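The shown structure was predicted, so the numbers you read here are calculated from the model rather than taken from an experiment.
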Amino acid sequence: DLKSFHTAEVYGTSALTAITAQNTQGVQRIFPLPLDEIAAQLDAILEDMDIGAAKTGMLYSPDMAQLAAEKLSDVKLVVDPVLVSTTKHSLSTTELADAITAYLLPACTVVTPNIDEGEQLTDMSIESLDDIYDACQALHKLGAEVVVITGGHLDEATDVFYDGHSFTALTLPKQQRAAHGSGCTFSAYTTAFLTKGISINKAVELAKRYTWTAVVGATTPGKGVDVVWQTATRLPVMNGDRTVTWYELQRAVDYLLTFL
């Protein structure tokens, strides 16, 4: 999150909710922090800084979700419903999904689940683009002002934006890699651009482009999944056929540079 904030040129701060022992291969241990310690971190930040927007990430338990909703009720809030890691390890208690829908969705500006998270929050099966549309409407009815379901888990990397009135599909070429941190990066960039006063639909579009670039440039520091690499350069064009043309030209340029 902080790397995303940095490349988007906003100052980021954080409140830790849990200490994890994890690497690119999996999550070995989780130690949730006491609720009063999390509250103290949030209070320290909120008393000192003018917060343009905030996001939630790994909350682990229902109590943490309720605390976040209460403490962040006066700021633009992006809810990233982190439930499972890229390595398919649980990062939450079994009751967290219900707490997110009860406390955080009514308080948020935008919620950004992936396919798996969308299924858990709505108790729906999502196997197609039409299913994503239905899930977006369900999450909006639960209180989210704007819903963005990221569809990188389907055959095409299409994210769907829904504001209660209309749908917008955001598509870029799918990358065949499991990039750890892509969901966090997307929600963090969305938060950063909201902080800068950019409209929600434009903030989401920019977040999509920045996140795609982070996935394309992902590095492999360990023996497991790739890890995203955030940067503010080489952002893709997002405009239908022009996107494909841009992508092909960029790949050709990259290939030619290998001869230099």
Are [X] and [Y] packed together at the side-chain level, in the sense that at least one heavy-atom pair is separated by less than 4.5 angstrom?
X    : Y    : result
L139 : L105 : yes
L83  : I100 : yes
I30  : M58  : yes
M238 : W212 : no
Q120 : V84  : yes
Q25  : T87  : no
R29  : Q22  : no
V146 : N201 : no

Quick one: does [X]'s side chain have a donor or acceptor within less than 3.5 Å of a partner on [Y]'s backbone?
X    : Y    : value
Q41  : L16  : yes
T24  : G224 : yes
H140 : A138 : no
T101 : L121 : no

Evaluation steps, side chain to side chain contact (heavy atoms under 4.5 Å, CB included), between V27 and L91: CA-CA 8 Å; V27 179; L91 296 173; 4.0 Å; yes
L194 vs V78, side chain to side chain contact (heavy atoms under 4.5 Å, CB included): CA-CA, chis, key distance, verdict: CA-CA 9 Å; L194 287 176; V78 177; 3.8 Å; yes
Could you grab the distance from atom [atom1] of [X] to atom [atom2] of [Y], nearest 0.5 Å is fine?
X    : Y    : atom1 : atom2 : answer
M64  : T93  : CE    : OG1   : 9.0 Å
E119 : D131 : CD    : CG    : 8.5 Å
F167 : Y162 : CZ    : OH    : 5.0 Å

Check: Y210 ring centre within less than 6.0 Å of F186 ring centre: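 No, the ring centres sit 6.0 Å or more apart.
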Modelled atom types, side-chain donor and acceptor of D226 and T220, under 3.5 Å: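 Their side chains do contain a donor-acceptor pair, which is all the 3.5 Å distance test asks for.
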Atom [atom1] of [X] with >12 non-hydrogen neighbours under 6.0 angstrom:
X    : atom1 : value
K196 : NZ    : yes
E9   : CD    : no
Y103 : OH    : no
D36  : CG    : yes

Intermediate values then yes/no, side chain to side chain contact (heavy atoms under 4.5 Å, CB included), L104 and L59: CA-CA 11 Å; L104 285 171; L59 293 174; 3.4 Å; yes
Nearest non-hydrogen partners of D80 and S187, listed with the distance: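 Between these two residues, the closest heavy atoms are OD2-OG, 3.3 Å.
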Could you list the donor-acceptor pairs under 3.5 angstrom formed between side-chain atoms of residues 227-234 and any protein atom two or more places apart in sequence or on another chain?
| residue | atom | partner | partner atom | Å |
| --- | --- | --- | --- | --- |
| Q230 | NE2 | S4 | OG | 3.3 |
| Q230 | NE2 | T185 | OG1 | 3.1 |
| T231 | OG1 | T233 | N | 3.3 |
| T231 | OG1 | T233 | OG1 | 3.0 |
| R234 | NH1 | D254 | OD1 | 3.2 |
| R234 | NH2 | D254 | OD1 | 3.1 |
| R234 | NH2 | D254 | OD2 | 2.8 |

Whether F259 and Y255 hold their rings parallel, tilted or perpendicular, with breakpoints at 30° and 60°: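 Rings of F259 and Y255: perpendicular, over 60°.
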